[in-house]
Enquirer: 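Before we start, here is the structure in question, set down as structure tokens.
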Amino acid sequence: MNWNTWIPLFVVASSLLPGLIIFGLAEDRVRLRVGLNLVGALAKLGLVSWMLLGVYQGEHFEMRLAFLPGLELVLRAGPLSLIFVSLSTVLWLVTTVYAIGYLEGSPHRSRFFGFFSLCVTATVGVALSGNLITFLLFYELLTLSTYPLVVHRGTEEARRAGHVYLVYTVLGGALLLLATVWLYTLTGTLEFTPRGFVHGLEDTHRSALLIIFVLLIAGFGVKAALVPLHGWLPLAMVAPAPVSALLHAVAVVKAGAFGIVRVVYDVFGVESATALGVTGPLAWLAAVTIIYGSLRALFQDDLKRRLAYSTISQVAYITLGVAIAGPLAAIGGVVHLVHQGMMKITLFFCAGNLAETLGIHKISEMNGVGRRMPWTMAAFTVAAFGMIGAPPIAGFVSKWYLGLGALEAGQGWVIFVLAGSSVLNASYFLPILHRAWFREPPDVWPHGHNAGHGISEDLSGKISVNISGDVGGKETTWALLLPPVITALIALAAGVLAAAPFSPLEWAQLIAQREFYQP
Amino acid sequence: MNTVMNTVMNAASLYGLVGAGLFCLGLYALIVHAHLLRKILAINVMGSGVFLVLVALAKRIGGGAPDPVPHAMVITGIVVAVSATALALTLMLKVATATGRAELPDDEGSE
Amino acid sequence: MAIMLVDVPWAVVLILLPLAGAMGCVLWPSVTKTLGLMTVFGVALSVAGLGWQLTENGALRYAVGGWGAPLGIDLYADGLSLLMLAMTALVGLGVSGYSIGYFDHKYLLRFWPLWLFLLAALNALFLSADIFNLYVTLELMGLAAVALAALSGGSAALSGAMRYLLSTLLGSLCYLFGVALLYHGFGSVDIAVLAERLEPNATAWAALALMSAGLVLKTALFPLHFWLPPAHASAPAPVSAVLSALVVKASFYILLRLWLEIFAPLGEGVSTLLGLLGAAAVLWGSLQALRQTQVKLMVAYSTVAQVGYLFLAFPLVAATGVTALNAIVYLAFSHALAKAAMFLAAGNLLRFGGHDRIADLDRVVQRLPITLSAFALAGVSIMGLPPSGGFIGKWLLLQSALSQGRWDLVAVVIIGGLLAAAYVFKVLGNAFTQAAVPHTSRAVPACMEWAALLLAIAAIVLGFMASAVLPLVAIGDPFGLLGARP
């Protein structure tokens with residue numbers, strides 16, 4: 001039995017099956033639910049590691065399933081797929097631990113973790129898709145499984161956010177479907193091929209291809225939060241922190257960006273895209289998004305919203321890297337997919353810790369919190385510096401390659417955009433760090449806990465209850481503390497050890513080589 | 001002989017035309033009248049029209065016995081029409097009992 | 001043993017078994033439930049047997065009683081009939097399982113004989129080989145369906161059923177008139193013979209007009225759809241499921257057969273008209289569904305819209321052949337499963353909360369997760385989102401429209417999908433509010449919830465089975481594409 005055909009399917013099933021079982025569990029079966037989640041996450045990690053090793057040694061993992069007349073569902077483990085699927089897997093494990101701690105005691109946990117697992121299934125499916133129809137299938141599945149997560153809390157605000165989210169993503173999905181069918185009728189295939197599969201049609205069907213490109217980018221741009229399709233993202237912050245972390249670091253936003261990468265590299269190919277003249281406008285759009293996102297972030301007081309706008313800005317780096325049609329920029333864009341994921345998830349975990357333990361939602365409430373929660377803020381600091389682009393954290397590596405790539409491709413204006421964005425990032429991250437470390441903490445945190453590390457009695461005499469329970473002398477529960485620290489360390493390692501084998505940078509270089517250099 | 005045949009054939013066409021006319025009259029009545037009993041009668045008139053057309057069409061050109069197949073169709077049709085009318089009348093009575101009038105409610109209009 | 005099983009005349013069994021079952025239910029009311037269920041299982045197995053027979057031997061023609069056409073009745077089964085029969089059997093299984101929990105004893109005694117008669121009529125319709133037999137089965141089906149629709153006895157149900165009866169009788173009479181004309185013009189009622197003999201003369205045109213008008217009325221294509229929402233919404237849930245899923249498909253099947261086989265030479269203008277009406281149906285039905293405040297009416301208008309999709313493909317058939325026809329077939333099959341699931345789920349909601357007002361559904365919907373999942377999965381198929389049978393149908397439809405450059409049809413399909421998402425999520429959005437525990441509730445038996453869920457899962461699974469199902473449909477070349485007729 002050739003295992004290599006089944007591994008991709010198992011990777012998808014490793015979160016699908018636990019998810020379906022969890023839907024049927026009663027609320028109080030906590031241990032079973034936690035067990036299923038962790039077993040699924042670990043199994044997926046094991047399988048993905050196996051695939052990584054295998055591909056490095058030249059093995060081939062592919063599964064094909066007949067789907068439509070003339071089209072198959074294809075799951076394939078190529079380098080680009082592996083980058084995304086590894087990111088998803090590692091971050092799923094970490095987020096699961098975090099979510100277990102965050103949602104302790106809250107209602108509808110079985111429903112939450114069921115849809116959570118479905119969401120990861122969809123993300124992994126998107127990552128492993130070998131053609132556009134498989135991608136479309138899992139992409140729509142992602143929409144369907146993330147909507148319940150956005151509206152999980154059930155408040156009016158959550159429902160409105162969910163409504164907006166649906167409008168955007170369903171419209172985007174319709175555009176994608178149209179583009180996919182049209183492309184299929186023109187080319188007769190939808191397989192992702194390095195250098196694309198629309199050769200020869202640039203002359204005969206120029207306008208059709210142009211419109212298809214626009215439709216595809218629009219459809220993927222909705223989830224990737226490209227301006228002006230980003231409206232749903234800040235509203236979706238109403239979801240619980242694990243959802244924001246997952247959506248913004250791993251699943252939805254990355255799936256959209258991943259789609260854009262696939263479109264430019266494996267559907268159209270850099271040559272055809274340049275010949276059609278679409279790479280220039282795409283780069284402009286990405287640049288606008290970068291600057292706009294950072295500008296809006298400056299004016300947000302709500303911490304999660306500031307991070308949301310930061311995400312809008314940062315994910316556009318990936319689009320920018322792809323749109324500057326050159327190998328170095330490609331490396332920068334693709335590797336940023338991983339790096340941004342690590343850093344952003346750290347930031348959201350920290351934001352969640354602040355909200356959950358201390359009731360802090362606004363930056364103005366964050367004075368001196370570095371003394372009360374030092375490990376959390378340390379992780380936050382590492383990630384923030386990475387976002388700004390300071391070496392040796394991972395964010396620096398991606399920006400470096402993007403800058404070099406821009407110069408190599410003769411698009412010098414991009415350097416200004418990168419520099420400006422770094423300045424803006426510093427402007428909205430450094431004040432937070434300053435507040436957290438160098439200001440005096442208030443007497444009472446919004447949740448009523450006293451300032452000062454290790455003092456458990458309440459000087460003002462007020463006893464308050466917070467959802468995760470009284471943590472006594474600790475910073476917060478280990479389930480909430482460990483994940484951000486781990487992801488911050490990984491972000492640091494990805495930057496410091498970028499030249500090591502198996503680093504995201506190595507994989508990105510392999511991908512660029514395939515797209516640009518191999519015959 | 002030919003004129004007799006022509007007359008007979010014309011009679012057949014006449015029956016056919018009358019049948020078609022009945023069909024149209026019944027259709028008109030079905031649409032226009034509101035009372036359910038009239039609608040049911042209209043359906044029956046339409047049915048009779050179709051049966052008349054069938055019988056007329058059973059005339060074989062060139063003489064000889066009429067074609068039995070349309071006759072069989074008519075007989076089947078009559079049986080179906082009787083059962084349908086029975087069901088319709090029962091339903092009409094129930095509607096009249098339930099709503100007080102033997103008419104359909106006005107929301108969608110009648111046709 | 002295997003050889004013997006293949007030789008059993010499954011086609012005849014498919015008609016006689018439910019008839020016998022119906023009689024049995026009338027004669028022995030004490031064992032109605034058991035007898036009814038066994039009959040429906042028997043029908044499902046017979047469909048499987050017929051499928052096996054067709055894959056072994058190709059399309060099948062069977063002369064009942066040994067008397068052939070034109071005086072005897074021939075039964076004809078090819079891939080298309082098989083698909084319709086399979087659709088009927090699957091929905092029938094789901095509805096039968098559901099009705100065990102839904103009806104109390106008094107209604108059960110009335111429901112089962114009528115339902116089995118309807119099943120017999122449906123099976124006979126899909127197996128008929130001549131247009132007059134189609135008339136007879138059409139009438140049988142109509143009368144049984146009307147009686148079922150009136151079953152609950154309330155004034156809304158009775159008025160809805162009366163309107164339905166008058167519409168169906170009108171449609172049948174138009175159809176019969178057309179049959180008369182065709183017989184007179186071309187000397188046969190057998191479909192295969194007519195296909196060879198038809199010429200585009202006045203008789204053929206008149207017959208086409210009459211038969212199409214009658215069948216379009218019975219299929220509730222806009223603007224002749226007025227009878228459907230009141231009838232389907234006020235009927236008991238399992239009956240609504242059968243009406244929307246199967247009965248409208250039966251008259252559509254006849255229209256499809258007539259078009260493909262007999263009226264093919266007459267062509268283009270009428271198919272354009274049908275396509276136009278289909279587009280109007282999709283848009284109008286979806287908009288009306290969005291406006292509704294009650295779930296069952298919303299689902300009924302959704303049927304009006306989905307029927308429009310089936311007709312959208314008509315203008316494409318001439319040019320794209322197989323793709324358009326596969327689209328129609330897949331859309332019909334997945335709609336049957338998904339719509340039945342939706343109506344059954346709506347019935348559960350109604351049973352549990354005592355009402356089906358969408359705005360007040362949140363208290364109900366959160367207590368019935370299985371029903372909610374059934375509604376959601378069915379909604380996925382209705383919206384045409386992957387993975388589902390509805391997606392496959394939508395894809396094939398888009399593919400044939402795009403390959404012909406029919407942007408108008410593409411726009412209608414896309415907009416229809418968006419509108420469907422709007423009205424489905426209107427109901428689903430209620431699942432996530434912070435609702436208080438409901439006041440009075442009636443328990444919903446597990447068989448009712450699971451019947452709805454299993455049908456919805458079937459609609460999703462259908463989305464993965466295109467490569468198995470579509471070759472089955474091609475048995476006997478029902479679409480006349482290879483020019484061969486058995």
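Only heavy atoms go into these numbers, but all of them, side chains included; no hydrogens, no water, no symmetry mates. Below, chains carry the letters A, B, ... as their sequence lines are ordered, and counting in each starts from 1.
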Enquirer: Using a 4.5 angstrom heavy-atom cutoff, name the option from A:Leu141, A:Val167, A:Leu144 with the most pairs to chain C.
Expert: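 Of the options given, most contacts go to A:Leu144.
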Enquirer: Grab the two heavy atoms, one from A:Leu136 and one from C:Pro386, that are nearest each other, plus how far apart they are.
Expert: O-CG, 4.1 Å
Enquirer: A side-chain contact here means heavy atoms from C-beta on lying under 4.5 Å apart; do C:Leu385 and A:Val170 qualify?
Expert: no
Enquirer: If you count heavy-atom pairs under 4.5 Å with chain A, which of C:Leu470, C:Ile414, C:Ile392 comes out on top?
Expert: C:Ile392
Enquirer: Please check if atom CH2 in C:Trp450 has more than 12 non-hydrogen atoms from other residues, nucleotides or ligands closer than 6.0 Å.
Expert: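 12 or below, so no.
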Enquirer: Would you list the atom pairs, donor with acceptor, under 3.5 Å between side chains in residues 117-130 of chain A and any protein atom, with sequence neighbours excluded?
Expert:
unit_1, atom_1, unit_2, atom_2, d
A:Ser117, OG, A:Phe113, O, 2.9
A:Thr121, OG1, A:Ser15, OG, 2.9
A:Thr121, OG1, A:Leu16, N, 3.2
A:Thr121, OG1, A:Ser117, O, 2.8
A:Thr123, OG1, A:Cys119, O, 2.8
A:Ser129, OG, A:Gly125, O, 2.7
A:Ser129, OG, A:Val126, O, 3.4
A:Ser129, OG, A:Phe135, N, 3.4

Enquirer: Contact part of A:Thr143 toward chain C, heavy-atom cut-off under 4.5 Å: side chain, backbone, both or neither?
Expert: neither
Enquirer: Side chain, backbone, both or neither: which part of C:Phe391 has a heavy atom under 4.5 Å from chain A?
Expert: side chain
Enquirer: If I measure from the heavy atoms of chain C, does A:Tyr139 come under 4.5 Å with its side chain, its backbone, both, or neither?
Expert: neither
Enquirer: Heavy-atom cut-off 4.5 Å, strictly under: side chain, backbone, both or neither for C:Leu398 against chain A?
Expert: both
Enquirer: Once rounded to the nearest 0.5 Å, what's the spacing between atom NE2 of A:His163 and atom CZ of C:Phe425?
Expert: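 One gets 11.5 Å once the value is rounded to the nearest 0.5 Å.
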Enquirer: Of all of A:Ala158, A:Pro148, A:Gly173, A:Gly162, which one pairs up most often with chain C through heavy atoms under 4.5 Å apart?
Expert: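 It is A:Pro148.
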Enquirer: With a 4.5 angstrom heavy-atom cut-off, which part of A:Leu73 approaches chain C: side chain, backbone, both or neither?
Expert: side chain
Enquirer: Between A:Tyr147 and C:Leu428, is any pair of side-chain heavy atoms under 4.5 Å apart?
Expert: no
Enquirer: Go through it in stages, so that I can follow the logic: the residues are A:Glu140 and C:Val380, the test is side-chain contact (heavy atoms from CB on, under 4.5 Å), and I'd like the CA-CA distance, side-chain angles, deciding distance and then a yes or no.
Expert: CA-CA 10 Å; A:Glu140 296 282 30; C:Val380 166; over 6 Å; no
Enquirer: Which residues pass the salt bridge (Lys or Arg N to Asp or Glu O under 4.0 Å) test with A:Glu62, sequence neighbours left out?
Expert: A:Arg64, A:Arg76
Enquirer: Tell me, side chain or backbone of C:Ile415 under 4.5 Å from chain A's heavy atoms, or both, or neither?
Expert: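 Contact with chain A involves no heavy atom of C:Ile415 at all.
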Enquirer: Could you tell me if the side chain of A:Pro69 sits less than 4.5 Å from the side chain of C:Thr323, heavy atoms only?
Expert: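 When only atoms from C-beta onward are counted, A:Pro69 and C:Thr323 do not touch, as no gap falls below 4.5 Å.
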Enquirer: Does any heavy atom of chain C fall under 4.5 Å from the side chain of A:Leu171, the backbone, both, or neither of them?
Expert: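 Answer is both: backbone and side chain atoms of A:Leu171 are under 4.5 Å from chain C.
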Enquirer: If you tally heavy-atom pairs under 4.5 Å against chain C, which of A:Thr180, A:Leu175, A:Leu186 wins?
Expert: A:Thr180
Enquirer: Listed by residue number, which members of residues 210-219 of chain A have a heavy atom under 4.5 Å from any heavy atom of chain C?
Expert: none
Enquirer: Check whether C:Val413 gets within reach of chain A through its side chain, its backbone, both or neither, counting any heavy atom under 4.5 Å.
Expert: neither
Enquirer: What pair of heavy atoms forms the shortest contact from C:Pro387 to A:Leu137, and how long is it?
Expert: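 Taking every non-hydrogen atom into account, CB-CD1, 4.0 Å.
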Enquirer: Give, as side chain, backbone, both or neither, the part of A:Leu178 having an atom under 4.5 angstrom from any heavy atom of chain C.
Expert: both
Enquirer: Ignoring hydrogens, what is the shortest heavy-atom contact between A:Thr185 and C:Gln399? Give both atom names and the distance.
Expert: CG2-O, 3.7 Å
Enquirer: What is the distance from atom OG of C:Ser467 to atom CG of A:Leu68, rounded to the nearest 0.5 Å?
Expert: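 Rounded to the nearest 0.5 Å, the OG-CG separation comes out at 9.0 Å.
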Enquirer: Please tell me if the side chains of A:Phe67 and C:Trp395 come closer than 4.5 Å, counting only heavy atoms from C-beta onward.
Expert: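 They are not in contact (no side-chain heavy atoms under 4.5 Å apart), so the answer is no.
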Enquirer: By side chain to side chain contact (heavy atoms under 4.5 Å, CB included), which residues pair with C:Trp284, not counting sequence neighbours?
Expert: C:Phe222, C:His225, C:Gln288
Enquirer: How many angstroms lie between atom OG of C:Ser403 and atom OH of A:Tyr184, to the nearest 0.5 angstrom?
Expert: 11.0 Å
